[in-house]
Amino acid sequence: MMEPMETLVGQPVGAARVNAPAARLDAATVRFGTYTAIDKLDLELEAGAFYTILGPSGCGKSTLLRLVSDLIPAAGGDVSIFGKTTEEARLAREFAFVFQDAALLPWRSALKNVELPLEIGRKRGAVIPTGPRSPRELLELVGLKGRENALPHELSGGMRQRVAIARALLCQPKLLLMDEPFGALDEMTRDRLNLQLLDIWRETGTTILFVTHSISEAVFLGQKVIMLRANPGRLREIVDIDLPEPRQMRLRDTPEFNRYCSYLRELLETC
Amino acid sequence: MAAIENLPIADPQALARSTARRARLISTIVPIGTAVALIGLWQLGVRAFGVPTYIAPAPSDVAVTFVEKFPLLMQNFWPTFFESVAGFVVGNLAAILIAVAFVHSRNVERAFFPIAVFVNTIPILAIAPILVLIFGPGMTAKVVIAALICFFPTLVNMVRGLQSVSPQTLELARILSASKAEVFWKMRLPSSLPFLFSALKISATTSVIGAIVGEWVGADLGLGALIIDATFNFNSPLLYATVLMSSGLSVLMFALVTLAERRIVRW
């Protein structure tokens with residue numbers, strides 16, 4: 001059953017079409033006490049694609065990421081990552097998480113923060129794959145060459161988030177979970193990081209599941225926008241965003257882009 | 001000629017630098033000047049109103065005694081210094097270890113935190129005679145008193161520090177499959193250091209108070225014993241000189257902790 005998976009390990013994911021879905025949810029349910037945050041959600045994420053998640057507050061966007069990343073257990077149904085359970089996938093470092101707050105350790109330099117995943121987890125049985133890029137090369141990839149020794153408080157909010165992205169990429173995850181990573185940044189920084197993230201996605205071939213509040217960010221980044229509805233969290237619709245690749249800033253001024261935005265805005269109102 | 005003409009138009013950077021230097025000079029001169037003026041006022045007041053030396057000695061009397069009795073002062077300085085340092089180390093170490101136990105287990109905290117609060121509510125002056133009775137007139141009682149006075153602020157701050165790791169950092173630890181020990185050494189302990197040092201700065205000075213209070217209750221040697229001795233002999237200049245010495249000890253302890261903090265907590 002696991003055979004097709006084994007051949008994938010160590011292979012550049014973006015290069016080949018992958019058989020197993022990046023993530024698969026079958027009637028997955030999450031409850032907090034009596035409150036149902038996610039109710040019987042069915043979802044299949046194609047490997048290598050860029051998904052963005054939109055939905056009204058309380059629709060379980062962040063909960064969905066935490067369910068997939070084994071931070072909270074499913075009360076019912078089944079969740080698998082590349083055919084593995086979420087725990088197996090966590091121990092194999094199949095996925096990485098980028099939080100809204102960069103969650104850097106303030107006493108460690110940028111480089112030492114990127115290296116953190118190498119130092120942690122073996123005692124609990126994690127198998128730590130080393131990606132093709134060294135921590136230094138990853139900092140260069142996110143445009144922080146020369147700032148390796150800077151402490152987090154010496155970096156701007158955007159730079160801190162880029163360190164967090166470099167740290168997430170260290171173990172070459174096949175699924176990158178991002179929970180409003182640019183939500184606290186100013187618009188110019190956000191635009192720049194959006195473009196950089198698209199470059200990183202194309203280069204690494206990883207699957208990205210990206211939660212955002214911003215409709216235009218969801219359309220600009222996503223190949224598919226997953227729209228959730230609230231109370232309880234359920235799938236509303238998956239919208240294919242058929243816009244020319246590679247995406248560039250001026251795409252935002254085109255009528256097609258705006259049509260997607262207004263469609264999603266109307267959809268959001270019915271959620 | 002040309003050189004002289006150029007002088008007034010000094011480059012703006014040099015001008016800014018000299019302005020900054022003057023601001024820095026003023027910020028040191030003002031507090032020192034105030035202190036010197038107050039001491040001068042004290043000297044004048046004592047002399048003008050003919051205040052007897054045993055009630056309030058003139059600063060010059062204190063200075064003379066300080067120099068003349070310096071060997072005696074140093075002889076009494078060292079025991080108090082050792083008691084303060086030993087009390088500081090023991091009290092803080094105990095507080096840190098118990099804080100770790102509290103954070104590790106809610107039940108340990110539930111069991112022992114009320115006791116810690118109760119011990120803290122007993123005035124140190126009230127508990128000091130009890131401890132001298134238990135541990136005798138030697139150094140041990142003073143070390144225990146100094147340790148006791150350090151204990152509580154460090155316990156409370158250390159517990160807060162160990163719990164100060166952000167929820168997202170803990171989620172990151174979970175995603176990286178971190179063990180409890182890894183979370184402690186790599187995340188909780190470093191996070192607690194700024195909290196720990198603010199507590200250590202408090203106990204740097206309170207440990208000296210603890211040692212001196214312990215010496216009041218019963219000791220032959222130490223700054224506390226010298227304070228009692230000088231008071232009962234109406235030797236006010238010696239009393240003042242001893243107080244000066246005690247405050248010097250506190251300043252020394254505080255400075256050492258601050259220096260360590262600057263070297264360790266760089267974020």
Side-chain angles (χ1 to χ4, degrees), chain A residues 62 65-66 68-73 81 86-109 112-113 115-128 149-155 164 167-168 170-171 173 175-177 179-181 184, chain B residues 92-93 95-97 99-101 103-106 154 157-201 256-267:
Chain A
S62 293
L65 289 195
R66 281 166 175 75
V68 169
S69 58
D70 197 34
L71 285 172
I72 50 178
I81 312 286
T86 51
E87 192 194 358
E88 286 164 355
R90 166 166 63 76
L91 289 171
R93 296 271 166 94
E94 300 261 355
F95 57 80
F97 207 115
V98 178
F99 301 90
Q100 176 168 11
D101 148 30
L104 301 180
L105 303 180
W107 52 90
R108 281 176 168 246
S109 66
K112 285 271 179 195
N113 264 294
E115 287 169 349
L116 182 74
L118 300 178
E119 301 168 17
I120 284 181
R122 284 198 183 78
K123 265 181 246 160
R124 282 279 158 94
V127 178
I128 300 171
N149 295 321
L151 290 173
H153 76 88
E154 296 165 330
L155 300 170
R167 177 179 63 194
L170 183 65
C171 293
L175 174 60
L176 189 55
L177 305 162
D179 190 8
E180 296 183 44
Chain B
N92 285 310
L93 211 60
I96 290 166
L97 292 177
V100 171
V103 173
H104 189 75
S105 155
R106 288 287 330 216
T154 303
N157 268 289
M158 192 68 190
V159 168
R160 276 194 54 200
L162 290 169
Q163 287 170 342
S164 71
V165 182
S166 78
Q168 300 204 328
T169 304
L170 291 175
E171 284 188 330
L172 173 73
R174 166 116 175 102
I175 282 169
L176 296 175
S177 315
S179 70
K180 235 178 159 176
E182 283 167 338
V183 173
F184 178 79
W185 291 110
K186 302 240 178 232
M187 290 161 185
R188 287 192 188 279
L189 195 63
S191 297
S192 75
L193 289 179
F195 292 82
L196 175 63
F197 271 103
S198 54
L200 292 185
K201 278 196 231 165
L256 287 176
V257 173
T258 308
L259 209 69
E261 183 186 30
R262 281 213 197 124
R263 294 205 64 124
I264 295 168
V265 184
R266 286 162 183 272
W267 59 93

Legend entry - Which atom of P117(A) lies closest to which atom of L176(B), heavy atoms considered: CB-CD2, 3.8 Å

Legend entry - Part of R90(A) within contact of chain B (heavy atom distance under 4.5 Å): both

Legend entry - N/O donor-acceptor pair under 3.5 Å between E261(B) side chain and F197(B) backbone: no

Legend entry - Which atom of F195(B) lies closest to which atom of S191(B), heavy atoms considered: CD1-O, 3.7 Å

Inset, instruction - Between chain B and each of E154(A), R124(A), R66(A), count heavy-atom pairs under 4.5 Å; write down the option with the most. - result: R124(A)

Inset, instruction - Could you tell me if the ring centre of F99(A) sits under 6.0 Å from that of F97(A)? - result: yes

Legend entry - Nearest-0.5 Å distance, CD1 of residue I264(B) to CG of residue L196(B): 9.0 Å

Legend entry - chain A contact via S166(B) - side chain, backbone, both or neither, heavy atoms under 4.5 Å: side chain

Inset, instruction - Sort out for me which of M187(B), R266(B), K186(B) touches chain A most, counting heavy-atom pairs under 4.5 Å. - result: K186(B)

Legend entry - Contacting region of L91(A) [heavy-atom separation from chain B under 4.5 Å]: both

Inset, instruction - Quick one: which of P190(B), A181(B), A178(B) has the most heavy-atom pairs under 4.5 Å with chain A, could you say? - result: P190(B)

Legend entry - Interface moiety of L105(A) toward chain B, non-hydrogen atoms closer than 4.5 Å: side chain

Legend entry - Inter-residue atom distance L104(A).CG - N113(A).CG, 0.5 Å rounding: 4.5 Å

Legend entry - Among T169(B), I175(B), L193(B), V265(B), residue most engaged with chain A (heavy-atom pairs, under 4.5 Å): I175(B)

